[in-house]
Amino acid sequence: MSVSSPRAGAIPSAPASSMTEGASTRFASMFDAITANIAKVVHGKRDTIDLAVVCLLAEGHLLIEDVPGVGKTSLAKALAASIDCTWKRIQFTPDLLPTDLVGVSVYQRSTEEWSFQEGPMFANIVLADEINRASPKTQSALLEAMEERQITVDGRTRPLAPPFMVIATQNPVEQEGTYRLPESQLDRFLFRISLGYPGRAAELSILDGRGAAESLPALSTVVSAAEIVRMIEAVRTVFLADPLKGYLVDLAEASRRHPAIELGLSPRATLQLAAGARSHAAARGRNYATPDDVKAVAVSALTHRLMLRTDRGGRLDPVDAVRELLADVPVPIAR
């Protein structure tokens, strides 16, 4: 993840309502502590780790898509273990039911009353492992929780305690016995990331131990849930100048006009891109965002939201499509 610098395209100074310089420094220090802790388990993937934590602090949900054995589940577990909060892991299978996620009301004969038994969705961090192996009916049980931070069962709405984040994993190669995630659900994920294979040095360090099986149990928490909530509130105050807001809208409009893109970016995508840029800026110790922050998170935030045309002879790669948008849309220049 690139480091932003206030150069061409930088925005004016942030207003007094934004984080102070001291608060920005403390934020960056806590962010580095979380990423360094996760790096004890996930070797050689600091940029990907940074994006995962940026996603959490932007109040987003994370989709990790990669081949088996590269550390998708380990990254999710290490992130949850770094925070002193509740977390649950759900192994998605074809026979999983919506009630297995959200919970169910059980009749108690002793009291002659109905008692609600909470499902694993009532946690701060929920790991949905191999999400595409469950049926669309079960996957739909996630939508209300991901969008509104609440769950409605038997006509009663129950709020989910902050922070709340869904980290889902899926294998993009083995598609037998899986269900494709619909666009409406993909749009709920702030970032889609891939870990990729580790470098030679990182793989050698993995061989020195027993991998995540050895390092995960020894991982200690570095921040509390209350501190994460305060960091999330601080991200909301990061300043977005009007020219930068215009840049975000220009990117969305360019995607809707692009000849190779069937379905462009929605207003929700613009909002989530702005949230990711704010979080990235705060992680770098700034209380204002720049176009560089937008560019740093754009590929992870946008590729899964674009539906590309298949009638143009060759199929454009989503990553290339996002990079074309970034190259074509003029960056606002500071005056």
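The analysis underlying the following values was restricted to heavy atoms, covering all of them including side chains, and did not include hydrogens, waters or symmetry mates. By convention here, the first residue in the shown sequence is residue 1.
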Residue pairs passing the salt bridge (charged side-chain N to carboxylate O under 4.0 Å, His left out) test where at least one lies in residues 79-96, sequence neighbours excluded
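As it turns out, the salt bridge (charged side-chain N to carboxylate O under 4.0 Å, His left out) pairs with a partner in residues 79-96, which skip direct neighbours, are Arg89-Asp129.
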How many angstroms lie between [atom1] in [X] and [atom2] in [Y], if you round to the nearest 0.5 Å?
X      : Y      : atom1 : atom2 : result
Leu186 : Leu306 : CG    : CG    : 11.0 Å
Lys72  : Leu62  : NZ    : CG    : 12.5 Å
Arg256 : Glu262 : CZ    : CD    : 15.0 Å

Partners passing ring pair (Phe, Tyr, Trp, His ring centres under 6.0 Å) against [X] (at least two apart in sequence or in another chain):
X      : value
Phe92  : none
Phe116 : Phe122
Phe164 : His61

Side chain to side chain donor-acceptor pair (under 3.5 Å) involving Gln117 - partner list, sequence neighbours excluded
Ser115
Considering all heavy atoms, the nearest [X]-[Y] contact:
X      : Y      : answer
Arg46  : Thr35  : NH2-OG1, 2.7 Å
Ala225 : Cys85  : CB-CB, 3.9 Å
Phe27  : Ala283 : CE2-N, 3.6 Å
Asp50  : Phe31  : O-CZ, 3.7 Å

Does one hydrophobic cluster hold both [X] and [Y], with members joined at side-chain heavy-atom distances below 4.5 Å?
X      : Y      : answer
Val153 : Val126 : yes
Ile83  : Ile38  : yes
Met146 : Leu127 : no

Which pairs pass side chain to side chain donor-acceptor pair (under 3.5 Å) with one or both residues in residues 153-163, sequence neighbours excluded?
Ser105-Asp154, Thr152-Thr157
For Arg236, give me all partners under salt bridge (charged side-chain N to carboxylate O under 4.0 Å, His left out), at least two apart in sequence or on another chain.
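Applying salt bridge (charged side-chain N to carboxylate O under 4.0 Å, His left out) to Arg236 gives Glu59.
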With sequence neighbours excluded, what pairs up with Glu253 under the salt bridge (charged side-chain N to carboxylate O under 4.0 Å, His left out) test?
none
Do the side chains of Arg284 and Asp293 get close enough for a salt bridge, i.e. N-O under 4.0 angstrom?
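Salt bridge flag = no for Asp293 with Arg284.
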Test log, rule side chain to side chain contact (heavy atoms under 4.5 Å, CB included), inputs Phe189 and Gln272
CA-CA 9 Å; Phe189 289 100; Gln272 299 230 353; over 6 Å; no
Give every donor-acceptor pair under 3.5 Å between a side-chain atom in residues 217-224 and any protein atom, sequence neighbours left out.
from   : atom 1 : to     : atom 2 : distance (Å)
Ser224 : OG     : Glu227 : N      : 3.2
Ser224 : OG     : Glu227 : OE1    : 3.4

Those residues that, when tested against Gln170, pass side chain to side chain contact (heavy atoms under 4.5 Å, CB included) (two or more places apart):
Leu63, Glu65, Ile131, Asn132, Leu181
Qualifying residues under side chain to side chain contact (heavy atoms under 4.5 Å, CB included), relative to Asp100, sequence neighbours excluded:
Leu96, Leu97
Checking Met30 against Arg230 for the side chain to side chain contact (heavy atoms under 4.5 Å, CB included) test, could you report, in this order, the C-alpha distance in whole Å, the side-chain angles of both residues, the deciding distance, and whether it holds?
CA-CA 11 Å; Met30 294 176 68; Arg230 286 194 291 271; over 6 Å; no
Determine all donor-acceptor pairs shorter than 3.5 Å in which one atom belongs to a side chain in residues 238-248; sequence neighbours excluded.
none

